[in-house]
Structures are given as structure tokens and as C-alpha cells.
Amino acid sequence: MAPAAAGAQPAPVIAAAPAPGAAPTAAGAAAAVPPKPERSLMDEVGRQVGLTARHAVNGLASIPAALSDGLTAPINAGLDKVMGNGNGFRFQKAGESLNKVMTAAGLPAPETATERVVGDAATALTGVGGTMAAGNALASMGGPLSKAVGAMLTASPGTQAVSAVTGAGAAGATREAGGGAGAQMAAALIGGAAPSVLPFARDASIRGVMRGGEQGRQRVEDTIKTFEGAAGTTPTVGQATGSHAIQAAETGLSNVIGSSGIMVRRGEIQSRAMDESVRKLSATLAPSASGAEAGEAITSGVNAFRDSMKNTQQRLYSQLDKHIPADTAVSVNKTQEALQSLNEGIAGAPSISRFFQNSKISSIERALLADLDAASLASIPAGMASTGISAAKGQLPYQAVQKLRSMVGREIADNSLVADVPRSKWRALYSALSDDMGGAAQQAGPQAEQAWGRANRFTKLGMERIDQLETIVNRDTPEKIFKAATTGVAEGGTTIRRVMKSLPLENRQEVTAAVLQRLGRAKNGMQNDVADVFSSETFLTNLAAMSPEAKGALFSSSGFPGLRYKIDQMARMASDRRDGAKVFANPSGTARQTGMLGWIGGLATALGTGNAAMLTGALAAPVVANAVAKKLTSPEFVRGLAERTEMNPALAPSLVNAATPRGFSAEAHAAYAEDKKKQEQERAPRLGFSSNR
């Protein structure tokens with residue numbers, strides 16, 4: 001049976017039975033119908049209600065009827081073989097039997113070709129509801145296969161509905177034109193597939209031209225993610241695809257009347273979005289960040305580092321104190337040698353030597369020798385001095401050495417450029433005292449030596465760090481401190497790494513925020529009166545000038561999750577903007593002005609010469625350019641290019657619906673026409689409608 005005869009009903013009454021051996025058709029039956037008088041409005045309304053009911057029943061029963069016909073078809077074939085020549089008992093097709101019942105119940109049948117085709121479409125559309133119900137029932141069964149089939153049958157209900165109408169309509173129109181069962185089936189399948197296949201073919205061709213294959217699709221997807229992640233905006237088609245041809249077209253459109261404003265606005269939207277993203281990052285890290293604030297944060301952080309180092313240093317040396325009694329005699333030979341070296345004169349030039357000797361260091365040396373002599377005498381037991389026994393010189397109590405070293409360390413920490421003793425001399429004395437304490441720790445045993453090693457290593461590294469940091473913070477203004485800290489980021493970032501490692505988290509965030517604010521600050525020639533113009537080109541240039549080490553120090557240690565990745569996204573976005581349309585390469589707008597003048601000149605020429613073709617082209621150019629620019633900058637269109645071109649999942653169920661028989665066949669129209677006419681006439685007064693008034 002022709003599947004596209006869905007919902008088709010017996011044609012109007014024919015005047016005579018078909019000739020023997022001739023297959024009656026709906027078209028032939030319709031041609032023999034005598035003219036009928038017009039129906040009243042109420043009769044027509046009642047008739048349409050009845051037709052709608054018939055189509056709905058046929059549609060809902062289409063799948064069960066198709067299953068029933070599938071079972072009875074082989075039985076009928078067997079009966080034909082037994083009876084011979086198809087004479088004898090046969091099981092009638094379920095759809096035709098159902099229509100007989102509805103006709104007997106007084107429901108009207110389509111009379112014209114239009115009614116029959118519309119009825120086919122309505123029946124098929126109702127049948128989609130049955131397909132959906134069957135799909136939902138299968139999906140609820142729980143088995144993997146039933147779920148898969150259920151998902152297929154319920155995919156894209158809207159497309160299935162459209163496919164049902166187009167498929168059934170195409171098959172019905174083919175039938176009314178005299179097409180046979182095979183032609184109707186082909187029309188049904190083609191019409192049912194069209195709503196899925198045509199968009200697929202359209203999208204595949206557009207995406208293929210715009211972006212290419214899977215590699216191009218991936219590039220578009222990555223670029224969209226970059227723009228959205230960096231600034232919450234979308235690229236243009238040229239930026240997303242990287243196509244030089246499209247980028248050239250976008251550049252041209254930026255200079256053409258009708259489209260230049262669209263292209264410029266898209267560029268401004270991207271620039272503002274990027275600027276806003278940088279501002280938000282900076283505000284999140286430190287709301288009031290500036291060069292001065294960052295400089296003060298560095299100073300505060302360095303001071304905090306110095307205090308923290310002192311506390312840790314005291315804690316480590318207190319562990320050493322537990323292993324060495326306070327009155328333990330400690331040799332200070334290293335300290336004596338250091339003082340002697342610091343106060344050493346120039347042989348043969350004693351007068352000149354005084355100018356290179358520090359009076360305070362010389363006084364410390366003399367005082368140390370006096371304390372050593374006193375300690376030496378104090379160490380001789382009472383009554384033994386007259387015997388000539390002398391104590392070993394060069395020793396002081398451990399407690400005294402420890403305190404002396406602490407005092408020297410304080411001098412180093414508090415030292416300034418105008419101090420009376422250079423820091424280098426204090427450091428030499430501090431190092432010698434540390435060595436003497438190390439000797440005492442070695443004499444006290446492994447535990448003392450281990451404790452001294454930890455404390456000494458920490459102190460040495462900490463003092464080296466402080467020396468490095470003080471070269472930065474010893475500036476007269478916070479702005480200069482910030483500038484000194486961020487100098488040399490292109491050569492490896494050693495300075496900024498040391499600074500950031502020494503600062504508490506909140507101070508690191510101040511520095512990072514201040515650097516962020518400056519990355520995209522446009523050059524002076526492009527600035528406004530408040531100097532807050534953002535430039536993605538400047539942002540990219542400044543960021544590219546940073547070494548990876550400096551980027552890591554600034555953006556990976558700020559405590560802001562994903563900051564380094566977001567900064568890299570911004571850099572990629574700025575790069576794509578630079579490589580795309582050159583709409584920003586001509587900020588003065590001279591190219592756009594030239595394009596405007598050219599268009600005006602062409603329009604004036606067309607008007608002056610009366611050239612209709614030229615005038616039409618001049619007037620159409622802005623309209624076309626405007627439409628193309630809108631498409632190339634449309635976020636929806638760009639996102640569509642990142643999608644895979646896949647066939648609509650509604651295709652399979654649409655083909656199933658198109659191949660499902662519904663209602664009467666074409667041959668049955670003529671066979672039942674006369675009977676239906678009589679039944680309608682008999683029931684018309686009771687049901688409120690008639691086919692022959």
C-alpha cells in the first residue's frame with residue numbers, strides 16, 4: 001500500500017464503475033462527481049470537524065495498523081496461492097477497515113484533491129504524536145536497546161512534525177497527479193527527509209566554505225573559547241577562522257559605507273570587554289592598586305620579611321642555646337682575625353692608614369682584647385697566679401659571644417647610607433662571630449652542630465635576600481620603588497622574582513594589580529585627559545616583552561586561581577585581533593573617509609548620467625555591505641561555525657513516519673465512493689452536515 005496515502009479517504013461518488021481490468025484512481029473518481037450545491041456555514045463547520053476527527057483517528061492508529069498489516073500480508077499471499085488468482089477470502093488492511101467503520105459512523109470523507117492532500121498531512125502530523133508516545137514507552141522500559149530506540153523516535157519533535165507534513169503532502173500531491181504506489185513512496189521519503197537533509201546540506205556548505213574541515217572547526221572553537229575566557233565576548237568570523245580572505249573582506253567592510261560602523265562597533269565592543277576584564281582582575285586583586293600603592297606594598301612587605309626573618313632566626317638559635325651552656329668558654333680567634341684585618345694599616349704609611357680605618361671598629365677590637373685579658377685572668381684559680389700558670393687566651397663565655405653577634409646583626413639591620421660604620425665591615429665581623437659559634441657547636445656535639453647549621457644557613461640566605469631587596473626599597477618615593485622592582489622583566493625577571501618571594505600574599509597582589517593596570521595603557525599619543533585609554537596592541541606588546549620567569553613571578557604567585565591562564569588568553573585574544581581585520585590600524589579613519597567620498601562620487605555620477613544600473617548598484621552597495629557585516633560579526637553565526645555538521649536525529653523517525661501506511665489507498669477511493677455517498681446522505685440530517693445539499 002502506498003504509504004503517502006496517509007489519511008486519504010474515498011473520493012466523491014463516481015457515476016459508473018471502472019472498466020473491467022482498469023485500476024480506479026482517486027483522480028478519476030473525482031472527475032466523475034457531479035456538481036454539488038453549496039453547503040451552509042454550519043454544515044461546512046460540521047464537516048470540517050468530522051474530517052479532523054477522521055484524520056486524528058487515522059494518525060493515532062497508523063502504527064498499530066501498520067503492524068497489523070505486516071502480519072496479515074503474508075497470510076493474504078498464502079491465501080492467494082491456495083485460492084488461485086487472488087479470488088477468495090482475504091484479510092482487509094487495518095487502515096481501510098478503520099475508515100469503513102468511521103464512514104459507517106457518519107464521518108465525512110475528503111472530496112477534492114486539496115482536501116485529500118491536506119488530510120494526508122493532517123493524518124501524518126497526528127501520527128507523530130503516536131510515534132512520540134511509542135518512543136516514550138520504549139524509553140521507560142529500562143533496557144539499553146529500548147532506550148536507544150525510544151530516544152530515536154522522540155528526537156527533535158518539531159522537525160518530525162514538519163517532516164510528517166512535507167512527506168505526506170508530497171506523497172498526496174503525487175497521488176493526485178496520477179503517480180503510482182512507487183512514486184508516492186519515493187515522494188513521501190524525499191519530502192519527509194527534506195527538513196533534515198536540506199539544513200544539513202546548507203550548514204555543511206556554509207561551514208565548509210567559511211572554516212574548512214575538522215581542523216578549521218577546532219580552530220574556531222578554540223578562538224571562541226579564548227575570547228569568551230579572556231573578555232566574555234566573541235570574535236568575528238575572520239578572527240575565528242584565521243582566513244586571510246575573510247579578514248581582508250572584514251578590513252574592506254570597515255571602510256565601506258553601510259558596514260564600517262558595524263565593524264568599528266564590534267572592534268570597540270571587544271576592546272571595551274578586554275579593558276573591563278583587566279580592570280576586574282586588578283580590582284579583585286587590589287581595589288586601590290597604583291604605582292604608589294604597589295611601591296608602599298613592596299616596602300611594607302620587605303619590612304615584614306625582615307621582621308619574620310629575625311623571629312625565625314631567634315627561634316633557630318634558641319635551639320642551639322639548649323645544647324651549649326651559657327658559661328661555656330668559646331674561642332673567638334676568627335673574630336680577632338677579622339677585627340685585625342678590618343683595622344690593618346698600610347705598611348710604611350701609618351698616617352694615610354688612619355683615613356681607611358674605622359674608629360668604631362678599632363675601638364671594638366681594643367675592647368675585645370681587654371675583655372679577653374680579663375676573662376683570661378678570671379679563669380686562673382685563686383692562689384695559682386704566682387705559680388706562673390696562665391689560662392688559654394682568646395676565649396669568652398658562649399653567652400657573651402652570642403649577644404655580641406646579635407648586636408652586630410642589629411647594626412646591620414639598622415644600617416643606613418650615612419652610618420658611621422659601613423655595612424660591609426659589620427658583615428665581616430658578623431660572619432667571624434658566626435664561625436666562632438660554629439666551632440663551639442662542633443665541640444658541644446652532633447645535636448648542637450646540627451642546630452647551628454640550620455640557624456646559620458637560614459641567616460646567611462636571609463641576609464643575602466635582604467641585601468638584594470634593600471637595593472630596591474632604598475628609594476625616595478614609592479613610585480620609584482615600584483619601578484625598580486619591575487625593571488628587567490624582559491631579561492629573566494630575577495629582581496621581581498626575589499621581590500614577590502619575599503612579600504606576603506596581600507602585598508604580592510598589590511604589585512600584580514599595579515602591573516596589570518599598566519600592561520594595556522595606550523601610548524601617550526593615543527591617551528585622553530585622564531590617561532585611561534586601553535589598547536590591546538599595547539597590552540600584547542608589553543606582555544610579550546616579559547620573560548616567562550617574570551610572568552610566573554607576577555601572575556602565578558598572586559593567590560588568584562587561574563590568573564596566569566587568563567592573562568595568556570588575553571594575549572591570544574589581542575594577537576587574533578591584531579592579525580584579523582585592520583579596523584584598528586587606521587584610527588584616524590582616513591580609509592573610511594576615502595571610501596565614503598568614493599561612494600558619494602559614484603552616486604553623483606549615476607544621478608548625473610541617469611545610468612539606472614549604476615544608480616541601482618550604488619544604492620544597493622550599502623545595503624549588501626550592511627547585511628554581510630552583520631553576519632560576519634554575529635555571535636550566533638560565529639558559534640554556529642564551531643559546531644559539527646551532523647544530520648538531524650529526526651531523519652530516522654521521519655523516514656519511519658513517511659513509510660508508515662495511513663488510511664485508504666488510492667484504489668480504495670473509487671471502490672468505496674458510492675457506498676460512502678449513500679451513507680453520508682442517510683446520516684447528514686442527524687449529524688448536521690451533508691455532502692450533497
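Here the structure is a predicted model, which means the values were calculated and not measured. In this chain, residues are counted from 1 in sequence order.
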Could you pull out all residues at least two apart from R217 that satisfy salt bridge (charged side-chain N to carboxylate O under 4.0 Å, His left out)? E214, E221

Run E464 and R498 through salt bridge (Lys or Arg N to Asp or Glu O under 4.0 Å) and show every step you take. CA-CA 11 Å; E464 289 177 356; R498 289 171 177 169; over 6 Å; no

Check: [X] side chain, [Y] main-chain N or O, donor-acceptor pair, under 3.5 Å:
X    : Y    : result
S140 : A137 : yes
R578 : S536 : no
S535 : G520 : no
S557 : A553 : yes

Heavy-atom distance under 4.5 Å between the side chains of [X] and [Y], does that happen here?
X    : Y    : value
L651 : F200 : no
T131 : V656 : no
T166 : P195 : yes
L554 : M546 : yes
M463 : M309 : yes
T234 : E228 : yes
S277 : K566 : yes
V638 : F227 : no

One pair to check against side-chain hydrogen bond (donor to acceptor under 3.5 Å, both in side chains): R266 and T236. What are the steps and the verdict? CA-CA 8 Å; R266 171 50 55 180; T236 65; over 6 Å; no

Please determine, by modelled atom types, if [X] and [Y] share a side-chain donor-acceptor pair under 3.5 angstrom.
X    : Y    : value
S654 : S163 : yes
E293 : S288 : no
E636 : S634 : yes

NZ (K310) with more than 12 external heavy atoms under 6.0 Å: yes

Is the number of heavy atoms from other residues, nucleotides or ligands under 6.0 Å of K551 NZ greater than 12?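 Enclosed.
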
Do T538 and T541 pass the side chain to side chain contact (heavy atoms under 4.5 Å, CB included) test, and can you show the C-alpha distance, the side-chain angles, and the key distance before you say yes or no? CA-CA 5 Å; T538 304; T541 300; 5.6 Å; no

What are the two closest non-hydrogen atoms of [X] and [Y], and how far apart are they?
X    : Y    : result
G301 : N507 : CA-OD1, 3.4 Å
A514 : A294 : CB-CB, 3.6 Å
Q247 : G242 : NE2-CA, 3.5 Å
T154 : Q160 : C-NE2, 3.8 Å
M573 : Q270 : CE-O, 3.8 Å
A650 : S196 : C-OG, 4.0 Å

Determine, step by step, whether V511 and R508 satisfy the side chain to side chain contact (heavy atoms under 4.5 Å, CB included) criterion, reporting the C-alpha distance in whole Å, the side-chain angles of both residues, the deciding distance to 0.1 Å, and the verdict. CA-CA 5 Å; V511 176; R508 294 201 301 269; 5.8 Å; no

From OG1 (T241) to CD1 (I246), nearest 0.5 Å: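 With rounding to 0.5 Å, OG1 (T241) is 4.0 Å from CD1 (I246).
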
Would D275 and R279 count as a salt bridge (Lys or Arg N to Asp or Glu O under 4.0 Å) here? Give the steps. CA-CA 6 Å; D275 183 18; R279 290 177 186 272; 3.1 Å; yes

L281 and F560: CA distance, side-chain angles, deciding distance, side chain to side chain contact (heavy atoms under 4.5 Å, CB included) verdict: CA-CA 9 Å; L281 280 178; F560 188 92; 3.7 Å; yes

CA sep, side-chain torsions, deciding dist, call: L138, L153, side chain to side chain contact (heavy atoms under 4.5 Å, CB included): CA-CA 9 Å; L138 288 171; L153 292 178; 3.9 Å; yes

